[in-house]
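Okay, so here's the structure we're looking at.
Since the structure is predicted, the reported quantities are computational estimates derived from the model, not experimental observations. Note on naming: letters A, B, ... go to the chains in the order of the sequence lines (proteins, then strands), and numbering restarts at 1 for each one.
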Amino acid sequence: MHLKRGATVEIMLPSQLGYEKVAMSTAASVAKLMGFSEDRVEDLKTALAEACINAIEHGNGLSDEYKVGVELSVNDDKLEVKIVDEGSGMIKQPAKPDIDRKMHGEEDARGMGMFLIQALVDEAEWVPSSPSNKSYARLMIRLNKEKA
Amino acid sequence: MQQDTKVTVDQKTSNNNPITILRFSGDISSASQDAILGTFNRLSASEQARLMLDFTKVDYINSSGIALVIQLLMQASKAGGTVSLFGLTPHFQKVFTMVGITKYAQIHADEPAASAI
């Protein structure tokens with residue numbers, strides 16, 4: 001199968017932890033068809049899982065009423081992923097995690113998701129909801145990291 | 001959809017030193033609190049002294065699961081113990097290094113490498 005430029009794949013996830021793995025599998029399949037290397041596929045899977053978990057937990061508040069939308073858009077040398085939820089969006093990005101502060105109990109042991117997303121993909125942004133758009137995270141990963 | 005975390009506890013000796021190994025399988029996520037911290041807290045002080053965490057059969061790890069590993073490291077450090085990790089995929093060796101875990105625990109490719117220290 002050959003993926004056409006501009007092709008999109010969309011899935012809707014229940015707001016229940018664990019369903020991020022469905023998004024991971026789908027994105028991994030698309031990325032492999034595009035020719036992504038195994039390590040880039042793993043980077044994408046982890047970043048997407050963290051973005052979906054944020055959307056499930058914080059965006060949709062684990063509510064059965066809401067779904068998380070995941071839209072994968074294929075381009076020549078990059079894959080863009082939008083993770084859409086029903087929340088208002090991020091007000092402030094958390095500080096970079098500090099392992100020393102965590103180990104001394106001065107910082108919550110959690111709170112590493114956004115740091116990992118930013119570290120693993122080439123671009124990441126969080127767009128708050130507006131009258132015309134739902135809140136979403138946009139991740140972009142290039143086929144070859146060195147081209148970034 | 002979250003897969004349970006299973007854990008088995010093994011004891012062995014290396015260079016006459018007792019080692020406790022927690023062998024995880026399934027997912028390491030927010031649902032892993034009892035498997036990780038509960039299991040650690042049920043060990044005796046001598047069993048906590050030198051600990052290895054085996055991730056060879058782990059299918060999935062997310063940041064909430066990594067946070068639980070950090071909490072275990074924190075508790076082990078307070079108890080004066082040492083912890084090493086093995087069986088992580090190269091990707092998760094990279095991720096654990098990114099968040100700074102290697103400052104507080106050694107990561108080895110496999111059990112023989114971890115036991116040799």
Side-chain angles (χ1 to χ4, degrees), chain A residues 13-25 28 31 36-58 62 64 68 94-121 145, chain B residues 1-5 26-33 35-38 40-41 51 53 55 58-83 85 87-107:
Chain A
L13 305 174
S15 296
Q16 189 181 329
L17 291 172
Y19 277 98
E20 71 276 9
K21 289 190 279 186
V22 175
M24 291 168 73
S25 300
F36 276 76
S37 63
E38 196 58 44
D39 64 323
R40 292 254 77 192
V41 172
E42 292 301 313
D43 289 347
L44 171 63
K45 283 166 63 184
T46 295
L48 179 54
E50 295 299 329
C52 288
I53 290 168
N54 283 345
I56 290 168
E57 277 190 328
H58 305 300
L62 298 165
D64 291 339
V68 171
K96 186 181 173 189
D98 182 327
I99 189 69
D100 295 324
R101 287 176 53 80
K102 288 183 190 300
M103 284 294 290
H104 292 99
E106 297 162 0
E107 180 179 301
D108 190 346
R110 292 186 56 166
M112 294 174 285
M114 290 184 64
F115 164 74
L116 288 176
I117 293 168
Q118 289 173 319
L120 294 171
V121 298
K145 197 167 189 175
Chain B
M1 270 300 285
Q2 288 199 111
Q3 199 184 329
D4 287 345
T5 313
D27 292 354
I28 301 290
S29 68
S30 56
S32 309
Q33 182 145 355
I36 296 176
L37 298 180
F40 176 80
N41 289 323
L51 203 61
L53 309 182
F55 293 92
V58 170
D59 301 319
Y60 168 66
I61 307 176
N62 64 30
S63 64
S64 300
I66 296 172
L68 291 170
V69 173
I70 290 172
Q71 287 177 269
L72 182 150
L73 296 180
M74 189 166 74
Q75 292 187 22
S77 175
K78 278 184 187 163
T82 62
V83 184
L85 286 56
L88 289 164
T89 63
H91 172 71
F92 277 104
Q93 288 185 34
K94 177 176 80 176
V95 168
F96 276 52
T97 302
M98 276 178 179
V99 300
I101 282 181
T102 44
K103 203 166 171 184
Y104 293 94
Q106 291 189 338
I107 297 179

- Have B:Ser64 and A:Arg110 got a donor and an acceptor in their side chains that come within less than 3.5 Å?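 Distance-only check passes for B:Ser64 and A:Arg110.
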
- Message: For B:Phe55 and B:Thr89: C-alpha separation, side-chain torsions, deciding distance, then whether side-chain contact (heavy atoms from CB on, under 4.5 Å) applies.
- Response: CA-CA 8 Å; B:Phe55 293 92; B:Thr89 63; over 6 Å; no

- Task: Heavy-atom pairs under 4.5 Å with chain B are the metric here; pick the option from A:Glu42, A:Lys45, A:Met103 that has the most.
- Result: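 Answer, by heavy-atom pair count under 4.5 Å with chain B: A:Met103.
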
- Look at A:Asp98, A:Val22, A:Thr46 and state which one has the largest set of heavy-atom pairs under 4.5 Å with chain B.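 Going by pairs under 4.5 Å, I would pick A:Thr46.
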
Heavy-atom side-chain contact between [X] and [Y] under 4.5 Å:
X	Y	value
B:Met74	B:Tyr104	no
B:Phe40	B:Gln71	no
B:Ser32	B:Leu68	yes
B:Asp27	A:Lys21	yes
B:Ile101	B:Ile70	yes

So what's closer than 4.5 Å to chain A heavy atoms on [X]: side chain, backbone, both or neither?
X	answer
B:Ser30	side chain
B:Ile66	both
B:Gln75	neither
B:Ser29	neither

- Message: With a strict 4.5 Å heavy-atom criterion, list every residue of residues 49-56 of chain A that contacts chain B, or say none.
- Response: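 Only A:Ala49, A:Glu50, A:Ile53 of residues 49-56 of chain A have a heavy atom under 4.5 Å from chain B.
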
- Query: Under the criterion side chain to side chain contact (heavy atoms under 4.5 Å, CB included), which of B:Val95, B:Ile61, B:Val58 is the partner of B:Leu88?
  - Reply: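 Going through the options one by one, the only one that passes is B:Ile61.
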
Residue [X] versus chain B: region with a heavy atom under 4.5 Å:
X	value
A:Lys102	both
A:Tyr19	both
A:Glu38	neither
A:Leu17	both

- Tell me, which pairs form a salt bridge (Lys or Arg N to Asp or Glu O under 4.0 Å) where one or both residues lie in residues 87-107 of chain B, sequence neighbours left out?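 For residues 87-107 of chain B: A:Asp43-B:Lys94, A:Asp100-B:Lys103.
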
- Does the side-chain contact (heavy atoms from CB on, under 4.5 Å) test come out yes or no for B:Leu53 and B:Ile36, once each step is laid out? CA-CA 9 Å; B:Leu53 309 182; B:Ile36 296 176; over 6 Å; no

- Query: Is it true that atom CG of A:Asp64 has more than 12 heavy atoms of other residues, nucleotides or ligands lying nearer than 6.0 Å?
  - Reply: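 Result for CG/A:Asp64: open.
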
